[in-house]
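Structure first, then comments.
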Amino acid sequence: MTAPLNPPNTKPSIILGIESSCDDTAAAILCDGKILANITASQTVHEQYGGVVPELASRAHQSNIIPVIEMALKKAEITSSDLAAIAVTQGPGLMGSLLVGTNVAKGLCIAHQLPMVGVNHLEAHVAALFIDNPVELPMLCLLVSGGHTQIILVRSMLDMEIVGTTQDDAAGEAFDKAAKLMGLGYPGGPMVDRLAKEGNPESYSFPDSQTEGLNFSFSGIKTSLLYFLRDQQKLNPQFIENNINHVCASYQRQIIVSLMKRMNKAILQYKPASIGLSGGVSANSELRNTWLELGKKHNVPAWIPAFEYCTDNAAMVAMAGYQKYLQGNFTPLSALPFARNKH
Ligand code: KG4
Ligand code: ZN
């Protein structure tokens, strides 16, 4: 039997995803929409400073990026010659950090003659919801990270509209700044989450700021915690030490109440087919439980990514990049990273 003149292209589409927008250096391999490897090197150097130091982040990315990519290829049992494209976070993020990831991606694309796909970090956080989940569209996504708090109407991975955003701080920042005020390390979210489990959320009350439409505001709650702790410490110098669990539980509860209030309103307004929670703060245990309750209340499926896809990772970048790859939507190697969102 003779072979057909144009045999169907059965080669799998294997994408290398690279993420380096803030303080996590990450690489992942995606094969026809399935994750084969997801490697993240988190930087501990920032803990002592209570926040990310951009120059130190860039240097750590430089040391970590090649080993992380090699580990991802090894874990997926492939080599660079098996790749169909490289997806890389182009922005928003720290410029020095983004330059490390994008320049490595460009070098690999030139060396292996591969197309590059530039990915928006926020769209990647939304794409995390599509990994292993058959999400229903349109989906209303609550994106809660260290830099952003947004409600996004997701018609598809390539068609999204921001319908609510924070007017000042992001929810993750509210967690991180509270942790700093109480002498906990960085990032603060996981620590506040852990301590809150042992506390009573009804112990103290913190305010919710008034905002327009579906927008958020978290600078007020942060300032109220500052004054609250200052006043209590004056009365009892051991106040934080003795009550940290209750403070964390009450503060965390108010952040979640503020988020849910806007989401509730957005669901009634947009009537989505499903809701999705994403970004680093979606790792919060109380928020995850509350999210599932919100879905039940409105009778819509409520999705949350697996833990490893919640905080910054490259699997979500590969997933977002794969959609653009399928459309032939490639990024020229002359394209520059961008620190701020273009939206
Ligand atoms: O998405 P992400 O890894 O990076 C950004 O794009 O910003 O989010 C990091 C944020 C930090 O503010 C961190 O404190 C927060 O996510 N975070 C949490 C938890 N785990 C991470 N916040 C609350 N509870 C958690 N368990
Ligand atoms: Zn992020």
Side-chain angles (χ1 to χ4, degrees), residues 17-26 28 38 40-44 46-47 49-52 54 57 61 88-94 97-98 101 119-129 141-150 152 165-166 169-182 184-197 199 201 216 218 221-222 248-249 251-259 276-291 304-317 319-320 339-341:
I18 298 176
E19 157 65 33
S20 73
S21 64
C22 190
D23 60 340
D24 291 302
T25 320
N38 183 37
T40 306
S42 299
Q43 305 175 358
T44 49
H46 310 287
E47 277 168 19
Y49 301 101
V52 177
H61 283 307
V88 62
T89 304
Q90 206 181 338
L94 300 171
S97 292
L98 290 164
V119 168
N120 182 302
H121 183 77
L122 306 180
E123 288 170 6
H125 271 302
V126 175
L129 282 155
C141 175
L142 176 63
L143 167 54
V144 270
S145 73
H148 297 85
T149 300
Q150 297 176 337
I152 304 170
T165 191
T166 182
D169 292 350
E173 262 176 296
F175 274 101
D176 294 338
K177 286 179 181 167
K180 199 171 178 179
L181 286 175
M182 291 185 279
L184 303 169
Y186 176 86
M191 259 159 307
V192 172
D193 186 357
R194 190 164 41 81
L195 292 167
K197 287 196 179 107
F216 303 91
F218 291 104
I221 187 174
K222 177 193 70 189
C248 286
Y251 184 83
Q252 175 175 288
R253 172 64 58 86
Q254 184 52 51
I255 291 177
I256 294 173
V257 166
S258 303
L259 292 170
L277 181 67
S278 72
V281 183
S282 67
N284 184 272
S285 40
E286 189 184 347
L287 179 58
R288 291 169 87 90
N289 291 335
T290 314
W291 190 251
I304 312 175
F307 262 110
E308 63 177 314
Y309 308 135
C310 286
T311 45
D312 285 350
N313 66 88
M316 65 183 194
V317 177
M319 190 61 165
R340 287 176 173 276
N341 219 349

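Since this is a predicted model, take the numbers as computed values, not measurements. Just so you know, ligand 1 is whichever comes first in the structure, and atom 1 is the first atom listed for that ligand. Atoms considered below: every heavy atom in the structure, side chains included; atoms not considered: hydrogens, waters and symmetry mates.
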Among protein heavy atoms, which sits nearest to atom 17 (N) of ligand 1, and what does the distance come to when rounded to 0.1 Å?
Gly280 O, 3.5 Å
Taking the minimum heavy-atom distance to atom 6 (O) of ligand 1, which of Met191, His121, Glu19 ranks first?
His121
Atom 18 (C) of ligand 1 [closest protein heavy-atom partner, distance rounded to 0.1 Å]
Gly189 CA, 3.6 Å
Protein-side N, O or S atoms sitting under 2.8 Å from the Zn ion (ligand 2) are His121 NE2, His125 NE2, Asp312 OD1
Between His125 and Ser278, a side-chain donor and acceptor under 3.5 Å:
no
In terms of its nearest heavy atom to atom 9 (C) of ligand 1, the top option of Gly146, Gly93, Ala171 is Gly146
Protein heavy atom at shortest distance from atom 13 (C) of ligand 1
Asp176 OD1, 3.7 Å
May I ask you to check whether Glu19 and Asn313 show a side-chain donor-acceptor distance below 3.5 Å?
no
Is it true that Pro190 lies under 4.0 Å from ligand 1, counting heavy atoms only?
yes
Quick one: look up the protein heavy atom nearest atom 24 (N) of ligand 1 and list residue, atom name and how far away it is.
Asn284 ND2, 3.0 Å
Region of Asp193 engaging ligand 1 - heavy atom pairs below 4.0 Å
side chain
His125 near ligand 1 by a heavy-atom separation under 4.0 Å:
yes
